[in-house]
Every structure is written in structure tokens, then in C-alpha cells.
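Have a look at the structure below before the remarks.
Counting from 1, the numbers follow the sequence of the chain as shown. Atoms within each ligand, like the ligands themselves, are counted from 1 in listed order.
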Amino acid sequence: MIYFGFFLLLCGLMQVMASYPIWWSLAVGHQYTSLGTQPILCGSIPGLVPKQLRFCRNYVEIMPSVAEGVKIGIQECQHQFRGRRWNCTTINDLAIFGPVLDKATRESSFVHAIASAGVAFAVTRSCAEGSATICGCDTRHKGPPGEGWKWGGCSEDAEFGSMVSREFADARENRPDARSAMNRHNNEAGRMSIIDHMHLKCKCHGLSGSCEVKTCWWSQPDFRVIGDYLKDKYDSSSEMVVEKHRESRGWVETLRPKFAFFKPPMERDLVYYESSPNFCEPNPETGSFGTRDRICNVTSHGIDGCDLLCCGRGHNTRTEKRKEKCHCIFHWCCYVSCQECVRVYDVHTCK
Ligand SMILES: *[C@@H]1O[C@H](CO)[C@@H](O)[C@H](O)[C@H]1NC(C)=O
Ligand SMILES: *[C@@H]1O[C@H](CO)[C@@H](O)[C@H](O)[C@H]1NC(C)=O
């Protein structure tokens, strides 16, 4: 009994101490795959604060999109970081990224921004697809039609998606400490990137695509555009320092740019205040897996190149045979036939 109590206490502590939202685990592993088929039991989602639990119960029909949003955020993170020492690996259902995100690093800033952008994006998309009753198309931002086109179709309501992301993703970021301030800032920067990239999408109607009538609507960009944009923000993210102020409600931490001679960060920039480990060697404390056995690019001088990725330890080379389609012939009409060839590749991995 005592042990069990201790275990519960430990779980409670883990939830309080982890600096990333544990409900992100909704997006990975078995919890996610069961979402589509079962009614969501809000009480069974780990790590929800009371405000999120209320939200989940009131708007349960959009919860699958919230989970989907975190999932596309994590997938995009893995794409953007695929050649880097830390490659956005998820480790298991509950710890998701492991201790890596406990520190207020640039990596944490990126993951928060892309996850909250993902939630805004997925909710907005599913509303436009008509999969929830409480939301739909945007009718407020139409304005007069343009030259040669008129409004039509369903404009995506990015403000609704952002509002859901703000309510849900920021619900636990209300502590007076520096980490909460950082997470709030980066979450908002992620959501803004979606609003900023809204664009008109148009479709031609008329006999055989003659474009006699053209209709347009507001659309979100591909999520890859958001990923590329936020990756640039990661590369230029601003280092901050923590300042303590005494206010009537007690001590409050805020962030101030570390270097006065750099341009201070704007709303759209990512901020962090702790330096990253170098991720070269495995270290369970920092959550680094090290880069041993990682595939590196022998011709690149960038971070994915063997020198930098392998941290100067050198690399091994092996050859790998891969079957590929080749000598393809187009037959009139219409199919293509190919032969199968074996090609030999050099594969370089870090020592
Ligand atoms: C990411 O890093 C992990 C740990 O080093 C490795 O096991 C995995 O294969 C890497 N993924 C990619 C896509 O390189
Ligand atoms: C390796 O790096 C070179 C130079 O940056 C690049 O052109 C090439 O596409 C890279 N190869 C792979 C497999 O990523």
C-alpha cells in the first residue's frame, strides 16, 4: 500500500515537473489509433489540467483533430530535423520525447511552436471539411470579389483553429515562471505562422476547364510550408535571460533578450533561455541518444555531413544493394513496363 502510494506520488510529481505537455501523448502510440473508433474518454487522457478536461468534455467532437494536430506537428518536426544530431525522436507513449524538452532550449521552442501550429491547423481543416457541428467555414473575411473571380467554396477559419489551440495548448502555461512565459510565446508564434500563410485558392469552372467562372476561398498552406518557416525561426531563435520581479501576487519571472545589440525578438520569433546539449553522446539525463550508427552524408559540409553529425569520431562505410525500377518503356496506350535493376550504394554511418 505504501509502495503504491509512493508510485502515485511519483507519477504526480512527473506530471508537475515535466515541462512539456503530457497530453501530447494523445498523438502517439495506441492512444491515438483508438481515437477514431472509440468515444473519447476525456478522463483517460493523461496530464490534462482541469481547464483542458472541461474543454475536452464540452467539445469532445473536435478532440480527434486536436490529437491529429499534435501528430502532424511531431511528424513535421521529424522531417525538419531528420539530418540533425537530435532528430525529434519520440520514445514511448507517455514520455514522448523523453527529458529533452525539460530544458528551455531551442529544440523545446520549436516543438512547442510546431505542435500548437499543428493543433490550429488540424482543427481548422476538419472544421472546413464539416466534421464538427460547432465550427465550419469562415464567412467573415470575404471582402469584395476580385477581378475575374468570385467567392465560392469553403474558406478555412484559421482563427477558430487558433482559438482552440490557444484554449487547449496554453491551458497549463499560466504559471508565473519563465518556462511558462517561453511556452506561451512560442505556442503563439506557431499559431501566427498559420494565420500569416493563409492564401487564396481558386478553381476554374466552365466548359472543359475554360475558366469562364473562377471561384476562390481562403485556404491554409501545406503544413510543410509551416514546418519550413518555423525551422527558419528555429535557426534564428533568440536567446533570453530570466528576470525576477516582485509583484503584488508574488514573484514573477519574465524574459529579456540576452544580447542588447541583437534585434529583440518579435511576436513571430522563437525564444529560449537554456543552451542545448551537443547530443553527441548518449546521456539519459539530457535525453540525448548520441549519434552512433546514424546515417551521415559524406559530401555535405552541413550538420547532416559526417564530420558534424558524427562529432569528429569518424564514420564507417558499407555498401548496400537496392532493387530499383529501370529501363522503363511507355506502351501506347497507356501503361509503363519496367525492369528491375540492382544498384549498389555506399552507406556511411557514424562511429
Ligand atoms: C533518429 O535518431 C535515432 C537515435 O539516434 C535513430 O535510432 C533513428 O534511426 C533516427 N531517425 C532518422 C530518420 O534518422
Ligand atoms: C548530401 O549532401 C549533398 C551536398 O549538400 C546533397 O547535394 C545531397 O543531396 C545529399 N544527399 C543526401 C542523400 O541527402
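The atoms of ligand 2 that sit less than 4.0 Å from any heavy atom of Thr299 are 1 (C), 2 (O), 3 (C). Close approach to Thr89 involves these atoms of ligand 1, each under 4.0 Å from a residue heavy atom: 1 (C), 2 (O), 3 (C). Remark: ligand 1 atoms within the under-4.0 Å shell around heavy atoms of Phe289 are 4 (C), 5 (O). Within ligand 1, the atoms closer than 4.0 Å to a non-hydrogen atom of Gly290 are 5 (O), numbered from 1 in the order shown.
When Trp24, Tyr59, Phe55 are each tested for a ring pair (Phe, Tyr, Trp, His ring centres under 6.0 Å) with Phe168, only one passes: Phe55.
Nearest non-hydrogen protein atom to atom 10 (C) of ligand 1 is Asn87 ND2, 2.4 Å. Closest protein heavy atom to atom 5 (O) of ligand 2: Ser300 CB, 3.9 Å.
When Ile295, Asn297, Val298 are checked for heavy-atom proximity to atom 6 (C) of ligand 2, Asn297 turns out nearest.
With ring centers used as reference points, Phe279 lies 6.0 Å or more from Phe289.
Under the 3.5 Å distance criterion, with hydrogens and angles disregarded, no donor-acceptor pair is assigned to the side chains of Ser155 and His141.
For the pair Arg179 and Asp177, the salt-bridge criterion is not met [side-chain N within less than 4.0 Å of a carboxylate O]. Salt bridge Glu281/Arg292: absent, no basic N to carboxylate O contact under 4.0 Å. Here Glu239 pairs with Lys258 in a salt bridge; the nearest charged N to carboxylate O distance falls below 4.0 Å.
At a distance under 4.0 Å, a protein heavy atom can be found next to atom 14 (O) of ligand 2. Within 4.0 Å of atom 2 (O) of ligand 1, at least one protein heavy atom is present.
With a heavy-atom cut-off of 4.0 Å, Gln78 does not touch ligand 1 at all.
The sulfur atoms (SG) of Cys350 and Cys306 lie 2.5 Å or more from each other.
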